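Accompanying notes for the structure given below.
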Amino acid sequence: MNKSLTPFKEPVYVTRPLLPNLSHFTDKLAEIWDARWLTNDGPQHKMLENKLSEYLRVPHLSLFNNGTIALIVACQSLRLSGEVITTPFTFPATPHVLSWNGIRPVFCDIDPETMNIDSSRIESMITPQTTAILGVHVFGTPCDVFGIQEIADRYGLRVVYDAAHAFGVEIEERGIGTFGDVSMFSFHATKLFHTAEGGALTYNNLNQKQRVDLLKNFGIKNQEEVMMPGINGKMNELQAALGLVMLDYLEAERSKRKEIQELYHKLLSKIEGISFYESDRSALKLSYQYFVIRVDAAKFGMSRNELFDELKKYNIYSRKYFHPLCSEYACYRHIPSANNANLPVANKIASEVLALPYYGGLSLDDVEKICEIISDVRFAVGQYV
Ligand code: T4K
């Protein structure tokens, strides 16, 4: 440890949930107490659905109790089966929802820049069993949505997006949730916009919303008819109320995160061996969800794992999102496409990435100190005990 830099007094985590002023939330709770309506498509739920459709610029949206159940229902709603081509560089939920639908995930390598599914490799992975492509807009960077749609149209495949990280992302003023057949957003506590736990599906097609809304409520059409084997995926009124309150804090949080991101960029770009992906900002509205660096061990003088361990000594809890790759999990490693030879880029990137602390409550002074520590620790290796 470099003795000239002292550890943070309190742990600095990769993120901290944004919380509204408590009285703002309790005022909203009073409305629920008055109405005595706690779940099952209540007034808060209806309000949040409308406001989020507007904010995300999508024609139709359905709220869920979490993002994973939403994605499971998305696959059910499209009647997907057989094989679905997806990325191994993601949170476990992505391939798991395929397994829960009895679908085999087929892992496709990723793009070396965006870290998203490499659209130029998808076609070679299509078989007669393929029914869909499941892309993930990793860290909020959009997939090659136009290239993927072109392949899907040519082969008659469905397109599903895991947009868990992409809240508010737009491509040339078009909401990211309008691409493909369906997109899933996560509103988990660690997300920029959250409802403690929660999520949503978005789509362009009203029939699909109607089908999803049945599926997330046990398939119940009315008191006499149950249309299909549905599940309980409903968001309750307390979650929806929190979401409505959070909307008032969203723009302030986004601008704080923008400032932090800019400072990280400025300070880290001076450090050899540290890089980060920068989207084409002219065409994009960003999500400001994660701040992820890549560590080139040869140039930086220390591996990602060593940097992760060093940061912990300073009370900084970064995260190796996404290591290990999903293709390395015991439940998937037997799948032929999980073979490392098929995934050279994903393997390299998974060994280099590190998500740094990133949330509006992080002060600019703290960001400076984190960058100073990153800059200094590599020289400290072996010099201090
Ligand atoms: N698809 C993708 C691509 C995803 O990234 C995710 C979720 C999903 C699908 C599934 O969506 P959901 O079903 O969750 O809606 C966290 C989140 O739990 C998870 O939602 C998120 N992705 C993932 C990237 O991050 P962990 O296992 O890293 O969480 P945890 O508990 O280690 O939290 C990270 C840090 O956040 C902690 O070190 C401290 C801080 N924290 C966390 C919580 C929960 C707090 O300060 N307060 C809190 O309440 O997964």
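One-based numbering, in listed order, for ligands and for the atoms of each. A quick note: this is a predicted structure, and the numbers were derived from the prediction, not measured.
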Under 3.5 Å donor-acceptor pairs involving side-chain atoms of residues 350-360, not counting sequence neighbours:
unit_1 : atom_1 : unit_2 : atom_2 : d
S351   : OG     : K348   : O      : 2.7
E352   : OE1    : R294   : NE     : 3.0
E352   : OE1    : R294   : NH2    : 3.0
E352   : OE2    : K348   : NZ     : 2.6
Y358   : OH     : R257   : O      : 2.8

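Here's the thing with F187: none of its N/O atoms is less than 3.5 angstrom from an N/O atom of ligand 1. Between T90 and ligand 1, a contact under 3.5 Å exists for no N or O pair. Ligand 1 has no N or O atom lying under 3.5 Å from any N or O atom of Y13, backbone or side chain. At a 3.5 angstrom cut-off on N or O pairs, Y290 does not count as close to ligand 1.
For atom 9 (C) of ligand 1, the choice among D162, V12, I69, T15 with the nearest heavy atom turns out to be D162. Looking at H165, K191, H188, it is K191 that brings a heavy atom closest to atom 22 (N) of ligand 1. With distances taken over non-hydrogen atoms, the option nearest atom 11 (O) of ligand 1 out of A166, S186, P92 is S186.
Looking at atom 46 (O) of ligand 1, its nearest protein heavy atom turns out to be R16 NH1, 2.8 Å. Closest to atom 4 (C) of ligand 1, if we only count protein heavy atoms, is F91 CB, 3.4 Å. Protein heavy atom in closest approach to atom 13 (O) of ligand 1: T68 OG1, 2.6 Å. In terms of protein heavy atoms, atom 43 (C) of ligand 1 is closest to T190 CG2, 4.2 Å.
Taking the charged nitrogens against the carboxylate oxygens, R254 and E251 do have a contact shorter than 4.0 Å, which makes a salt bridge. E262 and K258 are joined by a salt bridge, as a carboxylate oxygen and a charged side-chain nitrogen come within less than 4.0 angstrom of each other.
Between the side chain of E83 and the main chain of Q129, no donor-acceptor pair closer than 3.5 Å is present. No donor-acceptor pair closer than 3.5 Å links the side chain of D118 to the backbone N or O of D109.
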- Let me see the working for E372 and K369 under salt bridge (Lys or Arg N to Asp or Glu O under 4.0 Å), right down to the final yes or no. CA-CA 5 Å; E372 226 178 304; K369 181 166 166 174; over 6 Å; no
- Trace of the side-chain hydrogen bond (donor to acceptor under 3.5 Å, both in side chains) decision for E225 with N222: CA-CA 5 Å; E225 289 168 285; N222 56 45; 2.8 Å; yes
- Message: Would K313 and D309 count as a salt bridge (Lys or Arg N to Asp or Glu O under 4.0 Å) here? Give the steps.
- Response: CA-CA 7 Å; K313 295 180 188 165; D309 290 339; over 6 Å; no
- Going through the distances and angles, do K256 and E259 end up as a salt bridge (Lys or Arg N to Asp or Glu O under 4.0 Å)? CA-CA 5 Å; K256 282 189 208 154; E259 228 182 320; over 6 Å; no
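Within ligand 1, counting atoms from 1 as listed, the ones closer than 4.0 Å to a heavy atom of A93 are 8 (C), 9 (C), 10 (C). Of all atoms in ligand 1, numbered sequentially from 1 with element shown, those under 4.0 Å from a heavy atom of P17 are 45 (C), 46 (O), 47 (N), 48 (C), 49 (O). Within ligand 1, the atoms closer than 4.0 Å to a non-hydrogen atom of M184 are 9 (C), numbered from 1 in the order shown. Within the listing of ligand 1, atoms 26 (P), 27 (O), 28 (O), 30 (P), 32 (O), 34 (C), 38 (O) sit less than 4.0 angstrom from a heavy atom of R319. Heavy-atom contacts of V14 reach the following atoms of ligand 1: 35 (C) (cutoff under 4.0 Å).
For Y321, the heavy-atom gap to ligand 1 drops under 4.0 angstrom. At a 4.0 Å cut-off, not a single heavy atom of G199 sits close enough to ligand 1 to count as contact. Within the 4.0 Å heavy-atom cutoff, G198 counts among the residues contacting ligand 1.
Under the 30°/60° scheme for interplanar angles, the aromatic rings of H96 and Y332 are found to be tilted.
Closer than 4.0 Å to atom 1 (N) of ligand 1 lies at least one heavy atom of the protein.
Residue contacts with ligand 1 for L71 are absent, since no atom lies close enough (heavy atoms, distance under 4.0 Å).
Shown are F276, F322, Y288, F91; of these, the ring pair (Phe, Tyr, Trp, His ring centres under 6.0 Å) with F139 is made only by F322.
The shortest non-hydrogen separation linking H60 to N205 is CD2-C, 3.7 Å.
Judged as a side chain to side chain contact (heavy atoms under 4.5 Å, CB included), and not counting sequence neighbours, the contacts of D366 are F8, L362, S363.
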